[in-house]
Number of protein chains: 2
Amino acid sequence: MDSRPVSIKDVADRAGVAVGTVSNVLNHPTRVSSSTRERVQTAIDHLGFVRNDAARQLRAGQSRTIGLIVLDVGNPFFSSLARAAEDCAAENGSTVVLGDSGQDVEREARYIDVFEQQRVQGMLISPVGDVGPRVETLRKRGMPVVLVDRVDAQRRCSSVSVDDVAGGYMAVRHLLEAGRRRIVFVGAKAEFQQVADRLAGARQAVEEHDDAVLEVVEADAMTVLAGRDVGGRIAQRPPGELPDGIFCANDLLAIGVMQAVLLIRGLRIPEDLALIGYDDIDFSASAVVPLTSVRKPTELMGRTAVELLLEEIESPSSRRRQVIFDPELVERGSTTAAVHAAG
Amino acid sequence: MDSRPVSIKDVADRAGVAVGTVSNVLNHPTRVSSSTRERVQTAIDHLGFVRNDAARQLRAGQSRTIGLIVLDVGNPFFSSLARAAEDCAAENGSTVVLGDSGQDVEREARYIDVFEQQRVQGMLISPVGDVGPRVETLRKRGMPVVLVDRVDAQRRCSSVSVDDVAGGYMAVRHLLEAGRRRIVFVGAKAEFQQVADRLAGARQAVEEHDDAVLEVVEADAMTVLAGRDVGGRIAQRPPGELPDGIFCANDLLAIGVMQAVLLIRGLRIPEDLALIGYDDIDFSASAVVPLTSVRKPTELMGRTAVELLLEEIESPSSRRRQVIFDPELVERGSTTAAVHAAG
DNA sequence: ACGTGCCAATGAAACGATTCAACGGCGCAG
DNA sequence: CTGCGCCGTTGAATCGTTTCATTGGCACGT
């Protein structure tokens with residue numbers, strides 16, 4: 001019974017028209033008289049015809065698909081970026097298919113291969129390690145590529161990324177504007193570049209105030225546990241040596257610090273100590289004291305990445321652009337007494 | 001310069017062989033003499049030939065791709081399920097491409113359309129609402145489908161899912177085994193079926209102990225905030241009416257309850273009150289008191305889903321199977337005093 | 001009545017890979 | 001020397017769609 005899938009030929013036969021006409025109904029409905037169109041449509045519905053994308057693409061030479069390769073779909077940053085990219089692509093008649101490299105170079109390479117064989121319109125890649133050479137050959141073969149959350153040092157392809165220095169700056173400036181002067185920066189060596197950038201931004205902000213001081217405390221990792229550890233040590237200092245503002249290099253650290261500070265020492269947040277994190281993970285809004293944080297403009301990045309890619313697809317010779325966004329400050333109760341239990 | 005992509009014909013010309021021979025090098029290397037094989041390979045490398053999947057698939061009639069449609073890639077359950085599915089597919093020479101329906105029926109339908117047009121080998125779908133009719137037509141057209149995290153009431157297609165009744169049972173049995181007798185179940189109306197199942201399992205466990213009582217408390221939502229609310233109300237009861245074990249229908253509720261109970265009343269967890277959640281979200285391990293929880297066997301589900309699908313692809317007439325897994329209990333400090341600060 | 005234009009519809013060519021029947025050359029047995 | 005079988009290679013047919021030059025039919029103006 002399940003002999004062969006229904007082809008455009010079958011539809012044509014049943015509707016009593018030529019295959020070209022069926023194709024026109026599908027792709028250029030205006031070229032076909034309404035009576036014929038109706039007849040063809042009836043045949044399509046009746047037979048349950050589904051267009052064979054492989055054949056279409058073979059003839060057309062191009063697909064309507066964009067490949068997106070992310071480091072980790074479990075990471076909310078990437079999942080919400082993917083969502084935005086999908087929406088933007090859909091508005092332009094394309095579809096995003098997602099590949100999860102899981103930070104694994106091999107899987108990344110496999111997805112690049114698959115997408116290239118599928119002749120996707122272009123790829124958005126948040127690369128593991130150095131994809132320089134790989135991207136180079138892709139581009140040589142005419143495959144548009146946009147890097148996500150990473151800039152290409154050689155400016156060979158467009159990219160969207162975030163300015164972590166600006167993020168660090170705006171976090172600490174926020175503390176300073178709230179009147180804090182004894183600032184502690186908590187970070188770990190993991191993901192060196194980002195942490196270093198955030199620290200650099202923090203320094204920059206502190207230097208604008210003569211009476212402000214910045215102390216750097218190193219954590220073992222970028223985790224809640226490590227943060228709790230650091231928080232415990234800080235909370236046990238004599239009152240005179242306590243900071244009045246803490247900026248953590250990510251939210252997990254900040255949540256750990258918060259747990260320790262509230263429980264061990266009973267300090268009040270934000271009255272005694274203002275606390276700010278980075279990344280704005282889901283849970284930050286639900287912490288005992290909702291955590292102020294710095295977040296990447298994820299949706300904007302996703303949309304922009306797709307737009308850059310479409311731009312390059314339309315005019316392959318257009319100039320490559322490196323778009324760098326400033327992150328945004330999300331104010332919550334951990335720095336602003338007025339706001340309470342905000343979502 | 002970028003005239004046209006390199007085709008198998010170009011490779012054949014450069015290597016001085018027929019196109020059929022190039023195809024054989026790619027698909028049946030043993031049929032070709034090693035000297036020819038080498039010559040062809042050199043031509044491929046030199047020209048940067050990439051196989052056109054559309055043409056291959058058009059001729060072959062089938063792709064090596066599996067479509068996976070999930071409710072929300074941001075949800076750790078789905079991202080880790082996807083990871084497992086990808087691994088299992090890769091071991092079988094297939095590739096998984098991911099579509100995120102974002103709980104939106106329209107997007108779900110769009111991905112089903114796209115995947116069907118792409119003639120994927122089969123689809124794994126965690127459906128939004130009722131996909132019954134849709135799945136029916138897919139199957140009629142010979143497209144293998146396996147449902148994920150949902151059973152098909154009409155048994156028309158295979159599925160992998162989890163027994164939430166068993167989960168609720170094992171959670172409460174765990175509390176009972178720790179000597180707790182005054183149990184509270186906290187749930188909300190959201191996601192009715194799952195919550196109802198977990199409650200049913202809880203009741204079942206309580207009924208096995210004559211001296212145990214179960215009280216059901218309804219929360220406004222399945223969120224941390226709602227949990228904090230419920231926790232606050234419970235913590236303010238007179239000592240005689242306090243429960244000694246609380247089972248929350250998900251981890252967010254449980255974390256909210258924990259926050260309230262620890263801060264408002266200063267009760268000790270687990271000494272005064274044992275607490276158990278459901279889902280085992282990432283954050284549960286990092287709560288102030290690490291949260292005992294119940295988790296779905298995600299990796300196993302992902303692999304099994306792919307296996308069921310491949311089975312159906314190989315023998316389309318094979319019997320449909322509904323695989324239902326029991327969840328697993330993850331013991332942490334919120335119920336077991338001995339375990340402390342476990343990861 | 002005849003030519004002109006226009007619109008709808010036609011059907012064959014093309015896309016690039018795979019497949020397979022046919023072919024040629026070579027070695028070996030009779 | 002001839003015939004047979006084997007192996008490696010060939011090239012045409014094929015998949016389902018899109019595209020486009022061509023055709024057929026109809027209405028209208030002269």
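Contact annotation: A/His28 side-chain N/O to D/dT19 OP1/OP2 distance is under 4.0 Å. B/Arg31 has no side-chain polar atom (N or O) that falls below the 4.0 Å cut-off from OP1 or OP2 of D/dG8. Note on B/Ser33: a side-chain N or O is less than 4.0 Å away from OP1 or OP2 of D/dT9.
Ionic pairing of A/Arg110 and A/Asp113 is not present here: no N-O contact between side-chain nitrogen and carboxylate oxygen is shorter than 4.0 angstrom. A salt bridge links A/Glu312 and A/Arg139; the closest N-O separation between the charged side-chain nitrogens and carboxylate oxygens is under 4.0 Å. Using a cutoff of 4.0 Å between basic side-chain nitrogens and carboxylate oxygens, A/Arg64 and A/Asp53 are not scored as salt-bridged. Between A/Glu116 and B/Arg51, none of the side-chain N atoms (NZ, or NE/NH1/NH2) sits under 4.0 Å from a carboxylate O, so this pair counts as no salt bridge. With respect to B/Arg83 and A/Asp72, a salt bridge is recorded, a charged nitrogen being found less than 4.0 Å from a carboxylate O.
Each of B/Thr30 and A/Arg56 was assigned the nucleotide of DNA chain D with the nearest heavy atom; the assignment lying further toward the 5' end belongs to B/Thr30. Map A/Arg37 and B/Asn24 each onto its nearest nucleotide of DNA chain C; the residue landing nearer the 5' end is A/Arg37.
Using a 4.0 Å heavy-atom cutoff across all strands shown, A/Val32 reaches sugar-phosphate atoms only and no base atom. If you check every strand for non-hydrogen atoms under 4.0 Å, A/Val17 touches sugar and phosphate atoms only. Contacts of B/Ser7 with the nucleic acid, taken as non-hydrogen atoms under 4.0 Å apart, involve only primed sugar atoms and P, OP1 or OP2.
Atom CG of B/Leu58 and atom C1' of D/dT14 are 9 Å apart (whole Å). Atom C1' of nucleotide D/dT18 and atom NZ of A/Lys9 are separated by 16 Å, given to the nearest angstrom. Atom P of nucleotide D/dG16 and atom CD1 of A/Ile8 are separated by 11 Å, given to the nearest angstrom. Rounding to whole angstrom units, CZ of residue B/Arg119 and C1' of D/dT17 are separated by 11 Å.
Every residue was checked against the side-chain hydrogen bond (donor to acceptor under 3.5 Å, both in side chains) condition with A/Glu314, not counting sequence neighbours, and none meets it. Checked against side-chain hydrogen bond (donor to acceptor under 3.5 Å, both in side chains), A/Arg107 has the following partners two or more places apart in sequence or in another chain: B/Glu86, B/Asp87. With sequence neighbours left out, the side-chain hydrogen bond (donor to acceptor under 3.5 Å, both in side chains) criterion links A/Gln117 to no other residue.
At a cut-off of 3.5 angstrom, the base of D/dT18 holds at least one donor-acceptor pair with the side chain of A/Arg59.
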Let me check something: any side-chain donor-acceptor pairs from residues 121-132 of chain B under 3.5 Å, sequence neighbours excluded? List them with distances.
residue: B/Gln121; atom: OE1; partner: B/Ser94; partner atom: OG; Å: 2.7
residue: B/Ser126; atom: OG; partner: B/Leu71; partner atom: N; Å: 3.2
residue: B/Asp130; atom: OD1; partner: B/Gly132; partner atom: N; Å: 3.0

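With distances taken from any side-chain atom of A/Asn27 to the nucleotides D/dT9, D/dT18, D/dT10, the minimum falls on D/dT18.
Once you apply a 4.0 Å limit to the heavy atoms of chain B, the touched nucleotides of DNA chain C run 5' to 3' over C/dG16 to C/dT19.
Two end axes, each from the C1' atoms of five base pairs, can be drawn for the helix from C/dA1-D/dT30 to C/dG30-D/dC1; they diverge by 60°, to 10 degrees.
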